[in-house]
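One structure below.
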Amino acid sequence: MKITVLGCGALGQIWLAALEQQGHEVQGWLRVPQPYCSVNVIGLNGETLNKTFIANDPAFLGDSELLIVTLKAWQVSEAVKNMQSVLPAHCPVLLLHNGMGTLDELQGLPQPLLRGVTTHAARRDGTVIVHVASGITHIGPVSAAGEDMSELAEILHRALPDVAWHNNVASAAWQKLAVNCVINPLSVFYNCTNGELAEHRQEIEALSNEVAAVMEREGQHTSREWLIDYVLEVIRSTAGNTSSMLQDIRAQRRTEIDYINGYVIRRGRAQGISSPENSRLYEFIKRKEQDYDRESI
Ligand code: KPL
C-alpha cells in the first residue's frame, strides 16, 4: 500500500518504520516541507532502524491510499486541510492524537475519516525514538464514508500490532480522553511521573467524576466508579511514564490542553454542567504556557 504519515515525531517514526518493514511504500510529511525525513527508532526488541524516507512529495501524496496523522491535536486540522486538494478523495485519513475536537474542525472533509486511539508508548532520547511499550491501537470510522474500511485494521495490525476495529470508536476515544484529563494536567501540577499520581486520590476522583458526568450526558456508557478504577489502572500500568503534557511543558511546547480538559469543559458547558476541577487545571496549564514567553525574555 502507498501510505503517507503526516508528522514525523515519536509516533510517526514508529509507524513509518513498522509499515516499511511490512513492505509498504511510505513517505513522511512534515509541516515545514523537507525532501527527506530521518527515522531513528529503537524497537521493542532493542533493534535500531536508522533510515531516511522521502517526504512532502505531492506526486506520492496524490497516489496515497492511506494518510496517517500523528501530529499534536492543535496542529491537525490546518495541516490536513492544506493537503486536502492533492489527497485523493477516496484516501482514508486516520487521526491518531490525544484529545478530541479535531473532528468538528474537519467537518466537510471529502476524504473518509477514521479515528484511532493508541496505547503504544514512545519517548525521544536525543535524536533517537525509543519504542518503550507495546500497546493496542483502536480504530474506527467517524464519517459515513469510513464505515466499510475494517480491512485497514488487518493491514495495520500486521505492521504494528495490536490494531482492533470498532464500529463505535467514540467509546474508546472518550475513555482515553478521560485518562488524559486526569493524568496529564495533574502530572504537570505535581511535576511527577504517572505512577506518583496514585498519592493524589482526591483530585483523581474529582476530575474523573466531572468527566464521567459529561460522558453520561454525551450518551457514553460509563460510571464514576468504573472510570476512577480505569484511571487508577492506567496510572499503575504507565507508572514510569512522563506524560506527554509534562514532556511538552518541560520542552516549552504548546500542550494539547484545549483538546483534553478544554474539550470536556466545552462539552459540559453545552450540556449545562460545570467542571470546576477541570477548569482549575485548564487555567493552570494555560498560565504555564503563557510563562514560556516571559521566561525567554
Ligand atoms: O496518553 C498518555 C499521555 O501521556 O499523553 C498517558 C496515557 C497518560 C500515558 O502517559
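What you see is a predicted model; the values in this text were computed from it and never measured. In what follows, residues are counted from 1 in the order of the sequence shown. Counting starts at 1 for both ligands and their atoms, following the listed order.
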Close-contact set for ligand 1 against Asn98 heavy atoms, below 4.0 Å: 1 (O), 3 (C), 5 (O)
Contact atoms of ligand 1, heavy-atom distance to Lys176 under 4.0 Å: 1 (O), 7 (C)
N or O pair under 3.5 Å between Thr238 and ligand 1: no
Closest non-hydrogen atom pair between Ala173 and Val117, with its separation: CA-CG2, 3.6 Å
Distance-only N or O hit between ligand 1 and Thr242, under 3.5 Å: no
Student check: side-chain heavy atoms of Leu177 and Tyr259 closer than 4.5 Å: no
Sub-3.5 Å N/O-N/O distance, Ser243 and ligand 1: no
Given Asp258, Asp291, Asn261, the one that forms side-chain hydrogen bond (donor to acceptor under 3.5 Å, both in side chains) with Lys286: Asp258
Under 4.0 Å to a heavy atom of Asn241 - the qualifying atoms of ligand 1, by number: 9 (C), 10 (O)
Single-linkage hydrophobic cluster, 4.5 Å side-chain cutoff, Ile265 and Ile204 together: yes
Cluster overlap Ile139 with Val93, hydrophobic side-chain contacts below 4.5 Å: no
Distance from atom 6 (C) of ligand 1 to nearest protein heavy atom, with residue and atom: Asn180 ND2, 4.0 Å
Verdict with reasoning, Glu283 to Arg287, per salt bridge (Lys or Arg N to Asp or Glu O under 4.0 Å): CA-CA 6 Å; Glu283 295 304 334; Arg287 277 198 303 277; 5.2 Å; no
Nearest-contact summary for atom 8 (C) of ligand 1 - protein heavy atom, Å: Asn184 OD1, 3.4 Å
Closest protein heavy atom to atom 10 (O) of ligand 1, given as residue, atom name and distance to 0.1 Å: Asn194 ND2, 2.9 Å
Tyr282-Leu246 co-clustered via ILVMFWY side chain contacts under 4.5 Å: yes
Identity and separation of the nearest protein heavy atom to atom 5 (O) of ligand 1: Ser244 OG, 2.5 Å
